[in-house]
Amino acid sequence: MKKGVKVFVNLSLLFALCIPAFSQPSSKSQETFVIDNFDTQGEQNYIHEGEALSWDWTVNASRFVAEDYPKIGYFDGMPNSLKVLNKGIENPKVLGVKVAYNRKGDNWMEILPTKDGKNYEIPLIGNVQHFDFWVWGANYLYYLELMIRDSNGRVHVLSAGNLRFNGWKNIIVSVPGWIDQHSRLRSGPENLTFIGFRVRSDAAEYVDDFTVYFDNLKFLSNSLSYIYDGYELKEADFSDAETGSVAGKQNSNGDAK
């Protein structure tokens, strides 16, 4: 009797484990997406929902910024660690920003994507686990932050540490699990968005000549985390569907059909 019960339980467990595999994607599916390698200005061709997106970068700064600053541009270069993986790239570029302020204090600047003359937030894919990028430090005590917007419209600032080092450094910034990345509403925002970088000076640090460079901005995501059986019906077009009456259609005698 016990043997028969054991066989029945094992078959039930096997049946329960196999059924979801036919309808739901793996919850552990991970993929890396490159936002910008900065090699082609304004031609990122970042693919999001089948559309190739491109943008430019701009920079703005706080009130005590010196005249003719901040400055932004593309420069020849690449971290040595990336050269091994990108031997076929000719004339690789990095994004560089230079700033100076008229006084010490809580100075800041923001490096932002822009499109058609307006700030542009880059839509991300899936459930983002962390951002991964390279930054060149000039050994100044400045603090680097990432700005993102969640599915409720709130802006979050993620710390990426300080820039008190010389040369290139690979930075990884995790996205906390408590940040809502997708709305539960069908009409709600579908994606976390990347707003840009913010760099703050330490109150006691020199502010007369600061330079920073960025390269190979990407993120790791579970791209299938919000794809479910029937997901395509979420965006069904009802424009040609028949309109129904709340009270029901009436026949010629006034009776509901």
I'd like to know if the side chain of Glu110 and the backbone of Val199 have a donor-acceptor N/O pair within less than 3.5 Å. no

Going only through I, L, V, M, F, W and Y residues with side-chain contacts under 4.5 Å, is there a path from Phe210 to Trp108? no

Walk me through it: do Arg198 and Met109 pass the test side-chain contact (heavy atoms from CB on, under 4.5 Å)? CA-CA 6 Å; Arg198 179 185 291 158; Met109 66 175 177; over 6 Å; no

Run the side-chain contact (heavy atoms from CB on, under 4.5 Å) test on Lys71 and Val97 for me, step by step, so that the C-alpha distance in whole Å, both residues' side-chain angles and the decisive distance to 0.1 Å come before the verdict. CA-CA 6 Å; Lys71 299 180 179 181; Val97 182; over 6 Å; no

Tell me yes or no: between the side chains of Gln44 and Asp36, is some donor less than 3.5 Å from an acceptor? yes

I'd like to know if the side chain of His130 reaches the main chain of Ser221, judged simply by a donor and an acceptor atom lying under 3.5 Å from each other, with no hydrogens or angles considered. no

With a cut-off of 3.5 Å and sequence neighbours excluded, list every side-chain donor-acceptor pair involving residues 154-168.
unit_1, atom_1, unit_2, atom_2, d
His156, NE2, Asp150, OD2, 2.8
Ser159, OG, Gly161, N, 3.3
Asn162, OD1, Arg164, N, 3.0

Think Lys104 forms a cation-pi with Tyr101, using NZ or CZ under 6.0 Å from the six-ring centre and within 45 degrees of its axis? no

Say you draw a straight line from CG of Asn152 to CD1 of Ile179; how long is it, rounded to the nearest 0.5 Å? 11.0 Å

Is there a side-chain contact between Asp132 and Asn170, using heavy atoms and a 4.5 Å cut-off? yes

Is any side-chain heavy atom of Tyr142 closer than 4.5 Å to a side-chain heavy atom of Glu205? yes

Donor-acceptor pairs under 3.5 Å, side chain of residues 133-141 to any protein atom, not counting sequence neighbours: which ones?
unit_1, atom_1, unit_2, atom_2, d
Tyr140, OH, Asp209, O, 3.1

Kindly determine whether Asp76 and Asn91 satisfy side-chain hydrogen bond (donor to acceptor under 3.5 Å, both in side chains), including the steps that lead there. CA-CA 6 Å; Asp76 294 335; Asn91 302 319; over 6 Å; no

Taking the six-membered ring for Trp, are Phe131 and Phe194 ring centroids under 6.0 Å apart? yes

Checking Thr193 side chain against Ile122 main chain: does a donor-acceptor pair fall under 3.5 Å? no

Is it the case that more than 12 heavy atoms not belonging to Asp208 sit under 6.0 Å from its CG atom? yes

Can you confirm whether the side chains of Asn216 and Asn37 place a donor and an acceptor under 3.5 Å from each other? no

Heavy-atom side-chain contact between Asn222 and Gln129 under 4.5 Å: yes

May I ask you to check whether over 12 heavy atoms, not counting those of Tyr206, lie within 6.0 Å of atom OH? no

To the nearest 0.5 angstrom, please state how far the CD atom of Gln41 sits from the CG atom of Asp56. 6.0 Å

Between Ser201 and Gly105 (side chain of the first, backbone of the second, donor and acceptor by atom type, cut-off under 3.5 Å), is there such a pair? yes

When rounded to the nearest 0.5 angstrom, what is the spacing between OG in Ser151 and CG in Leu192? 8.0 Å

Closest contact, heavy atoms only, Ser62 versus Asn107: OG-CA, 3.6 Å

How long is the gap from CG on Asn60 to CD1 on Ile111, to the nearest 0.5 Å? 9.0 Å

In terms of hydrophobic clusters joined by side-chain contacts under 4.5 Å, are Ile195 and Phe33 together? no

Between Asp106 and Arg200, is the closest basic N to carboxylate O distance under 4.0 Å? yes

Find out if a path of hydrophobic residues (ILVMFWY) with successive side-chain heavy-atom gaps under 4.5 Å connects Met147 to Phe219. no

Classify the angle between the aromatic ring planes of Tyr74 and Phe38 as parallel (below 30°), tilted (30 to 60°) or perpendicular (above 60°). tilted

Is it true that Met78 and Leu95 fall in one hydrophobic cluster, defined by side-chain heavy atoms closer than 4.5 Å? no

So if you build clusters from Ile, Leu, Val, Met, Phe, Trp, Tyr with side-chain heavy-atom gaps below 4.5 Å, do Leu112 and Tyr69 land together? no

Over 60° means perpendicular and under 30° means parallel, so tell me whether His48 and Tyr46 are parallel, tilted or perpendicular. parallel

Using a 6.0 Å distance limit plus a 45 degree cone around the ring axis, check whether Arg103 lies over the aromatic ring of Phe64. yes

Closest non-hydrogen atom pair, Pro113 against Trp55: CB-CD1, 3.8 Å

Side-chain donor or acceptor of Asp202 paired with backbone N/O of Ala204 under 3.5 Å: yes

Of all the heavy-atom pairs spanning Val94 and Gly77, show the shortest one and how long it is. CG1-O, 3.4 Å

Any side-chain to backbone donor/acceptor pair from Asp39 onto Lys93? Under 3.5 Å, distance only. yes

I need the minimum non-hydrogen distance between Val65 and Asn102, along with the two atoms involved. O-ND2, 3.5 Å

Verdict with supporting geometry, Trp57 and Ile72, side-chain contact (heavy atoms from CB on, under 4.5 Å): CA-CA 8 Å; Trp57 291 90; Ile72 187 169; 4.0 Å; yes

Side chain to side chain, Ser54 and Asn45, heavy atoms closer than 4.5 Å: yes

Where the side chain of Asn119 meets the backbone of Thr114, is there a donor-acceptor pair that is under 3.5 Å apart? no

Could you tell me the separation between the CG atom of Asn191 and the CD atom of Glu121, rounded to the nearest 0.5 Å? 11.5 Å

Determine whether Ile35 and Lys218 satisfy the following criterion, side-chain contact (heavy atoms from CB on, under 4.5 Å), listing intermediate values before the conclusion. CA-CA 5 Å; Ile35 297 177; Lys218 58 187 179 180; 5.7 Å; no

